[in-house]
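What follows is a set of notes on a single structure, which appears directly below.
Atoms within each ligand, like the ligands themselves, are counted from 1 in listed order. Numbering of residues begins at 1 and proceeds along the displayed sequence.
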Amino acid sequence: MNKETYLTEYPKHESMRENVKKDKNRLHFHMMPPTGWMNDPNGLCEFQGVNHIYFQYTPFLAGWGTKLWGHYTTKDWIHYKEEEPFLYPDEEWDRDGVYSGSAYTCEDGIHYFYTGNVKLWDKDYDYIMNGREQNTIHVFSPDGKNIAYKKLVMTNDDYPVNMSKHVRDPKIYKKDGRYYMIQGGRDAESYGCALLFCSDDLEHWKWYDTVRTAKPFGYMWECPDLFELDGQLCLICCPQGVEKKGYDYWNVHQCVCIPLDYDFTPGTWVIKTTDNFQMVDRGFDFYAPQTFEDQQGRRILIGWMGIPDADYTNPTVKKGWQHALTIPRQLHIRDGKLYQEPVKELEKLCRNGRTFSKEEFQNLELPKCAKVQIDFKDCKNMEFSISDGVKLTYMDHVLTLDLGNCGSGRTIRKVWIEELTDLTLFADTTSLELFINKGSQVFTTRVYGKQGKAGLKGQCDARIQVYEMSGYEYGRI
Ligand code: FRU
């Protein structure tokens with residue numbers, strides 16, 4: 001679909017848009033597709049005081065289809081503007097989808113790199129070793145909205161010869177005056193890895209290194225992100241095909257943060273152990289996040305509140321839309337561990353705060369859009385009922401999120417923690433985001449149940465604060 005087709009089609013879908021707006025499952029302080037399907041956040045950046053959030057988008061279909069880049073902007077993370085889609089599959093080299101990519105800001109504009117997906121239909125292909133092109137495309141825009149040029153900078157022939165046709169999702173990292181581009185990949189032996197390319201001018205790229213694990217960690221790594229945070233080099237990526245281990249890796253696909261001791265010596269960089277890999281999120285609906293550094297120097301992460309290939313569902317599909325993005329989170333590394341906290345701007349949405357003791361916090365109907373902050377003292381065990389059938393329990397150092405019958409196929413997820421000190425819950429109609437122990441563990445999930453009563457019991461002291469959350473405002477910027 002090119003821009004002209006989109007602009008012609010768009011008015012025909014006005015009634016779809018109106019129906020979607022009326023859906024009671026719609027969220028209030030999350031970015032969602034205006035209609036249709038949303039997946040990965042793309043091209044995140046702040047340029048001249050405006051934050052740009054692009055996303056994988058199929059506007060007129062609430063399922064998998066040919067991707068455009070949808071676009072929201074915000075100056076304050078409270079007021080949002082829906083912009084016209086930014087990228088369309090309008091060239092031979094991206095005709096089956098403008099896949100995921102990232103932004104790199106300069107004084108005079110924004111550089112974008114993304115994957116142009118092409119499927120070859122003429123033979124009986126396996127779409128792994130053949131039948132697919134994944135082209136790296138460079139776009140420049142002076143303002144985040146208008147495109148000055150779109151250029152093909154690499155094709156599969158420029159990737160190492162031991163790779164399958166799956167190489168995608170470029171992200172830029174600048175170090176010592178040199179540009180590095182990291183891309184996710186699957187090699188010919190179905191071994192997941194990340195490829196590094198380098199360039200001095202953002203125009204000419206050549207393969208530099210491959211980052212992989214000593215033993216296979218999944219068959220494909222998607223959406224890699226390389227950045228330095230609090231003095232630590234980090235790689236976040238999404239491996240597919242990782243086996244469940246203890247309470248880890250229960251989702252169909254994963255998202256991990258790897259503290260990397262990589263020194264940029266070219267060759268092949270082997271990560272010796274996966275023991276220090278951290279799951280970025282332990283909920284049912286989290287995948288393909290992207291980070292960027294904003295103009296205040298904060299490292300902000302936004303994830304796709306959804307996951308591909310899951311066997312659970314979203315009833316919103318019947319209403320003409322599916323998925324959302326997580327609330328923006330500020331990242332930190334402390335003692336080699338990842339911490340995620342909702343950006344402080346969200347506090348401006350909090351209204352009518354009330355404080356309860358554990359005894360007072362019983363049989364309480366939480367607002368549909370709520371923030372709940374619980375500070376524990378001496379918590380041996382506890383059960384926090386969030387809504388009808390949905391609860392979070394802590395027992396023998398195991399924290400369990402149980403969606404009961406409200407998960408549309410989503411069941412339970414767990415984590416072992418030494419001590420439960422605090423939790424912050426953001427509940428938005430049909431989503432929950434739980435930040436545990438100052439954000440050292442996070443659970444993000446969709447939930448489709450009845451409201452029901454909240455309450456807290458167990459062997460613990462607790463102070464509970466409840467706020468109503470008002471929604472984002474759209475259209476004014
Ligand atoms: C991750 C992903 C990316 C790809 C995009 C396509 O969810 O599969 O690897 O670029 O989505 O929409």
Ligand 1 atoms in contact with Asp169 (distance to a heavy atom under 4.0 Å): 3 (C), 4 (C), 9 (O), 10 (O)
Within the 6.0 Å centroid threshold, strictly below: Phe197 and Trp205: no
Heavy atom of Thr115, distance to ligand 1 below 4.0 Å: no
Element-labelled atoms of ligand 1 that are located less than 4.0 Å from some non-hydrogen atom of Asp40: 1 (C), 2 (C), 3 (C), 5 (C), 7 (O), 11 (O)
Any donor-acceptor N/O pair, Ser408 side chain to Tyr312 backbone, under 3.5 Å: no
Whether Tyr114 lies under 4.0 Å from ligand 1, heavy atom: no
Atoms in ligand 1 with a heavy atom of Ser100 nearer than 4.0 Å: 5 (C), 10 (O)
Check: Tyr99 N/O within less than 3.5 Å of ligand 1 N/O: no
N or O pair under 3.5 Å between Tyr287 and ligand 1: no
Ligand 1-proximal atoms of Tyr57, by part, heavy-atom distance under 4.0 Å: neither
Nearest protein heavy atom with distance in Å, relative to atom 8 (O) of ligand 1: Glu222 OE2, 3.0 Å
Atom 6 (C) of ligand 1 [closest protein heavy-atom partner, distance rounded to 0.1 Å]: Gln56 OE1, 3.3 Å
Short side-chain to backbone donor-acceptor contact, Asn251 and His253, under 3.5 Å: no
Mutual orientation of the aromatic rings belonging to Tyr180 and Tyr173 [parallel < 30°, tilted 30-60°, perpendicular > 60°]: tilted
Parallel, tilted or perpendicular: ring planes of Trp304 versus Tyr287, cut at 30 and 60 degrees: perpendicular
Sub-4.0 Å atoms of ligand 1 with respect to non-hydrogen atoms of Trp304: 7 (O)
Between Tyr159 and Thr136: side-chain donor-acceptor atoms closer than 3.5 Å: yes
Contacts of type side-chain hydrogen bond (donor to acceptor under 3.5 Å, both in side chains), residue Gln290, not counting sequence neighbours: none
Atoms of ligand 1, numbered as shown, that sit under 4.0 Å from any heavy atom of Trp64: 6 (C), 12 (O)
side-chain hydrogen bond (donor to acceptor under 3.5 Å, both in side chains) partners for Lys123, two or more places apart: none
Phe86 and Tyr57 aromatic centres sub-6.0 Å: no
For Lys67, the ligand 1 atoms whose distance to one of its heavy atoms is below 4.0 Å: 12 (O)
